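Below is one structure; the comments refer to it alone.
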Amino acid sequence: MSEPTEILQTGSSVNAELMFEDVPKQEAKPAPTKKAGKKHDVKIVDAAAQISAAPPSGQDMAFMHAIMCQVGLPRSKVEGIEFERSCGNAALSIRAGKLWDGKDFIQQPIPYGVLPRLMLAWMNTYSVRHKTPEVPVGNSASEFLRMLGKDTSGGKKGGYTMFRKQVQALSACQITLGFNASGRAYTYDGKPIKQFEAWLNSTPEQPSLWPGIVTFSEDYFQTLIRHSVPLDMRALTVLKGSALAMDIYTMLADRLHRIEGRPLVLHWANLREQFGQEYQGKDPDKDFKKKFLPALRDALAVYPSAKVKQVTGGILLMPSPPPIPYKVP
């Protein structure tokens, strides 16, 4: 995969190996005294207090590919087998694929929602930490689900079942990336996950696959190592109730620390282009803004060093430290 210069420069462009600095944990300060209206808000307030008090340790760090911080996966279930999203000079097209279950090729859905975002961050982090494109997802599934506070049961809506479905969807999908750089238009077709190994756990009535090893493609793995955006896994975990809040957090983590000079205004039209494709209906602009502002509030709560405020016509982004402090040489 040739590196799209202008696009990848929008990422942190930091060698991920240099980011692992195990900062000692500090004793958490008391939670803020502001009153939270919902149980979900209480969790975010508590997490915000801990993140403010204790810098992230090595185990708190997660990584997302720089491009995926600009144009993310769909947030809700997609009917059909294709999905497209664009943002400025970058666009993402995802096509659902098929997996072999030992007897037949089975059509997979397009990955969507919170779970595949968390899974990508989790798999990326394992790959970066261990300097390998091979991620043993099957051996760590229960640990991953417990970290998210999800049950580890089977059944139609159990944690394991949802985990398996989204791993399979991620493994099968084909991604096409379009981007403009240096006055030219580029198209990259590829599969971030090159190979999917699964244990056959089937009966004649109901064949199924249990994921064993996921192997990233060499192109994805190499650009991941060079162009990762470091994130605080504590923030991602507590934002698991909203894929929109997670996308806002990753965008800010990628963008704020690269702003130089004057602050940057993102107008509502720009924000809706990047985040609001899913909002349709009689008044999509109003619906989007109604959802965006609470999600932004939650993202900022767990990114305490972020300097962002609402202004007339949009939001103002000011130069801010990244959520993972730079490692001192």
Side-chain angles (χ1 to χ4, degrees), residues 39-40 43-44 47 62 64 68 72-83 85 94-102 104-127 135-175 191-193 195-203 205-216 231 233-247 249-250 278 295 298:
K39 185 177 181 181
H40 178 67
K43 292 181 180 179
I44 290 179
M64 190 65 74
M68 297 302 292
L73 298 170
R75 289 187 288 273
S76 55
K77 186 175 181 180
V78 176
E79 298 298 333
I81 61 172
E82 292 190 68
F83 172 85
R85 187 192 300 282
I94 304 177
R95 185 178 180 85
K98 296 182 179 181
L99 289 179
W100 177 252
D101 73 346
D104 301 291
F105 283 106
I106 305 299
Q107 179 67 56
Q108 304 298 315
I110 292 176
Y112 70 91
V114 167
L115 196 54
R117 285 166 166 77
L118 289 168
M119 289 165 61
L120 266 179
W122 174 55
M123 292 190 290
N124 289 343
T125 303
Y126 183 95
S127 183
V135 182
V137 295
N139 295 339
S140 306
S142 58
E143 176 186 349
F144 172 74
L145 290 169
R146 283 194 295 269
M147 176 187 70
L148 300 182
K150 294 184 177 292
D151 69 273
T152 56
S153 65
K156 188 175 181 179
K157 295 185 178 181
Y160 272 128
T161 302
M162 298 304 294
F163 174 88
R164 177 172 56 83
K165 286 181 178 180
Q166 292 296 337
V167 168
Q168 291 176 189
L170 277 171
S171 300
C173 72
Q174 179 85 11
I175 290 180
K191 282 174 62 66
I193 296 175
Q195 183 172 316
F196 175 78
E197 294 181 27
W199 294 101
L200 289 173
N201 179 23
S202 61
T203 65
E205 297 80 19
Q206 190 177 10
S208 63
L209 294 172
W210 178 246
I213 296 176
V214 163
T215 304
F216 288 136
L231 307 170
M233 194 65 183
R234 295 173 297 176
L236 289 178
T237 300
V238 80
L239 294 176
K240 65 184 179 183
S242 169
L244 178 58
M246 291 177 65
D247 286 349
Y249 171 80
T250 56
E278 285 84 351
D298 291 345

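The model shown is predicted, which means the values in this text are computed figures rather than measured ones. Positions are given from 1, in the same order as the sequence printed here.
How far SG of Cys173 is from CG of Leu99: 10.0 Å, rounded to the nearest 0.5 Å. Taking CD of Gln174 as the reference point, atom CD of Glu82 lies at 11.0 Å (rounded to 0.5 Å). To the nearest 0.5 Å, the span separating CG on Leu115 from CG on Leu120 amounts to 10.0 Å.
Taking Pro74 as the reference, Val78, Phe83, Ile94, Ile110, Tyr112, Glu278 meet the side chain to side chain contact (heavy atoms under 4.5 Å, CB included) condition, with sequence neighbours excluded. For Ala62, the side chain to side chain contact (heavy atoms under 4.5 Å, CB included) criterion is met by Ala121, Thr125, Met233, Leu236, not counting sequence neighbours. Applying the side-chain hydrogen bond (donor to acceptor under 3.5 Å, both in side chains) rule to Asp247 yields the partners Arg75, Arg117; only residues at least two apart in sequence or on another chain are considered. With sequence neighbours excluded, the residues satisfying side chain to side chain contact (heavy atoms under 4.5 Å, CB included) with Ser127 are Val135, Phe216, Phe221, Leu224. A search for side chain to side chain contact (heavy atoms under 4.5 Å, CB included) contacts involving Ala295 returns Ser242, Leu244, Ala245, Ile248, not counting sequence neighbours. For Gln107, the side-chain hydrogen bond (donor to acceptor under 3.5 Å, both in side chains) test picks out no residue, with sequence neighbours left out.
Between Val114 and Ala243, the shortest heavy-atom distance links the atoms CG2-N, 3.5 Å. For the pair Trp100 and Phe105, the tightest heavy-atom approach, listed with the atom from each and the gap, is CE3-N, 3.7 Å. When all heavy atoms of Met119 and Val167 are compared, the pair lying nearest together is CE-CG2, 2.7 Å.
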Open item on the list: Let's go through Met246 and Leu118 carefully: what are the C-alpha distance in whole Å and the side-chain angles of both, what is the deciding distance for side-chain contact (heavy atoms from CB on, under 4.5 Å) to 0.1 Å, and is it a yes or a no?
Closed with: CA-CA 9 Å; Met246 291 177 65; Leu118 289 168; 3.6 Å; yes
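For the pair Gln108 (side chain) and Ile106 (backbone), a donor-acceptor distance under 3.5 Å is present. Of the possible donor and acceptor atoms, one in the side chain of Arg85 sits under 3.5 Å from a partner among the backbone N and O of Leu73.
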